[in-house]
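Below is one structure, written out as structure tokens; comments come after it.
Throughout, a chain's letter reflects where its sequence line sits, starting with A, and its residues are numbered from 1.
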Amino acid sequence: MSGGIIRPYGDTTGDGMVQVSFTLPVPCDKRGEGAALQLAAKMGLDPAMVVHAKQMGEGFTFFVVYGRVNHLVDLSQVVVAERDFPLLSAKEVNALVKRRLRRKLVVVGACIGTDAHTVGIDAILNVKGIAGEKGLEYYRELRVVNLGAQVAVPDLVEAARAEKADAVLVSQVVTQRDAHLHNTREMSAAFREAMPADRRPLLVVGGPRFDERMAGELGVDRIFGRGTTPAEVASYLVHALITNRPQARRAA
Amino acid sequence: MTGKLDLDPVLVRRARELARRAGGPVVELARGHTTVSVERAMLRLAGVSGADADGIPWVNRLLDAVVADVGLGHGAALPVFDALAREGIDDVSLLAQKAAAGSVRFRVPSGRDATAARRASRRAVGAGVKRIDRRRAERDRLVKRHGDPKQRPWIYLIVATGDIYEDIPQAQAAARAGADVIAVIRSTGQSLLDYVPEGATREGFAGTYATQENFRLMRAALDESSRELGRYIRLTNYASGLCMPEIATLAGLERLDMMLNDSMYGILFRDINPIRTFVDQRFSRQIHARAGIIINTGEDNYLTTADAVEAAHTVTVSQLLNEYFAHEAGLADSQLGLGHAFEINPDLPESFRLELAHALLARELFPDAPLKWMPPTRHMTGDVFRGNLLDGFFNLVGAMTGQGILLVGMMTEAVVTPWLSDRDIALQNVRYVLNAAGGLHEDFVPAPGGFIRSRASLVLREAVELLERIVDDVHAADPHAPGGGLLNAIADGTFGIMKRPADRGKGLDGVARHEPGYYNPATEILEAGQ
């Protein structure tokens, strides 16, 4: 996509019409409506019309505003941060594992260190999942072993070996003084020591405090930050272990 | 039977009979086992309260000390009340503190010491049960004074900020806007904590911790709202996970009105050990029965993992099992908020008629239960306009099929936690439908031989077939394995795709078979009262 200046489309090319809704902490009266129009003007809507205003409880009003926005979109300036692997549905993940791996893909998950918060690992692994999206247990072609909380690194390595894990998922939610970084380094070092590179499972860590760009520094294959969904993790596993295998191993 | 679907009464009787046969062996198993949480619930009724400096409840410290000395299988009542007598104190919380400090040793008393401990524990626990009875009588009084909601279904709304002091004004605002039932959703992960946190809490993950103090604060706030609004506002929380019996007990003590309490949810969706779950569930339901609490079961979860058309009969099977386990534990039909949900893919032709058929089937199978009708989540895409329309159709099914409790659907489901305006728009949607079509269930009778009746009959037949398979699911290797076909079916992955064997899952180490002479005064009192 390059070149071109565009504006929003209401019912005529270039009319710039948009519709927004928001709530302000004001009573529903003339003054409240004026406040909504002021916000709309600052958002670049001119002229703006308050088409709906409704008081909700004490001192809050919900507004729907239509207006002409004076901003332009320059398509040549659009920058998109691309995910470096395609997002797959559960069906596609299952089909790829079945056809290309021809056995179940084994995932071992745990919270390591003193972190007892299994929120993250459970959101990714448990069938219940998160935000309406099912966890990896739901994927027929994945075999999930969730070791739970406060797993010692040697136990994790042992479990990964015993289960013949293709991937190890580690979650770190609550952390103090960068314990999540320390724990992750300890974990990746333990795997490096215990297994040759070509036998080592894919190492994936996740948690709200991680910087997704630090994978190399921490010795893991991938880091997932806040808001990661099970489908993203599953898609990444398929990408790294099946569809893009050599490249993924080099990154390790 | 109200008879709008003309269901085959022989088939309906057969379905209940099969549910009884599937559930019976599990009840037998539950009667012969105890768990750490059942014992802690009993100790809470006996008066143990508070927590140590690290926030570990004294009831955990006390039970851990008892288990370390004499194991779990005798129950905690006799060792604890024997120790009280030997120490010459009468405050169980004080004993807990001494036990935690290692200055008390426990034993299983015998002879006259056992008789004395038995009597003392029964008196102490009896006082706790009386407190629950008083809270129930108090609810009856308040409902009489303020009144029930004028309409059915009752409007059920969730708040979840993580901070109880933020939840309170939100809950009160929701009640003012029309909510009849407020559910405070729990912090993610609480179901896997093997203790109940203490005190008022202000930090949770996507929800607020269930604690006795949080229960008390919210109930008091909603009592204020009930007075202001002239209708009794009910409060809901979650008796699930590893501490189900204790949370049920705290709910009874703090006059909560409804509790989420499903017979298999923890097993299937949280990988909690099946035996632990069934033992904990039976005790918690006995408490709910005593406390006059309406349970809400979790069948909606089946439909969020499996296809809502293909798996419709698994909902019916689960409802029948939940009903059997609930009746066995002493719950009345009026306390059975059996769950089901509006989760059929809206792109499917006739999806609305299918929803009507399923919802009406539940209504007709359980005519005296206040069914809990759950909104669409799975097919909410982020298109809030379409979502609002879908919620409108969901509300319409609720009105047309006479549902008891309607959980308000949010058009921003799967986008954000509900904003103030989302909740307002959602309630406006419910009010419009109930106002415009609240009595439609009186006129709505599906045509004989038509789509809806045929669909409902088919789902019932499939449910009976599945129950037959469960009852027959006896392992060749061990035909007398405890728990019978239902535990085998769970182990084999019959429900959803999760295989949950009886010797695996979280919380198994907190389960013990009863030793000879096991005594639990709470169970004794609750069963005598049925």
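Note that CZ of A/Phe22 and OG of B/Ser421 are 11.0 Å apart. Values are rounded to the nearest 0.5 Å. The CE atom of A/Met56 lies 9.0 Å from the CG atom of B/Asp422; values are rounded to the nearest 0.5 Å.
Heavy atoms of other residues, nucleotides or ligands lying less than 6.0 angstrom from CZ of A/Arg103 number more than 12. Few gaps surround CZ on A/Phe85; more than 12 heavy atoms of other groups in view lie less than 6.0 Å from it. By the 6.0 Å contact criterion, OH on A/Tyr9 is enclosed, its count of non-hydrogen atoms from other residues, nucleotides or ligands being greater than 12.
A 4.5 Å side-chain heavy-atom check between B/Ile425 and A/Phe62 finds at least one atom pair inside the cut-off. Side-chain contact between B/Leu192 and A/Asp122 is present, with at least one heavy-atom pair separated by less than 4.5 Å.
For B/Gln428, the part sitting under 4.5 Å from any heavy atom of chain A is the side chain, from C-beta outward, and nothing else.
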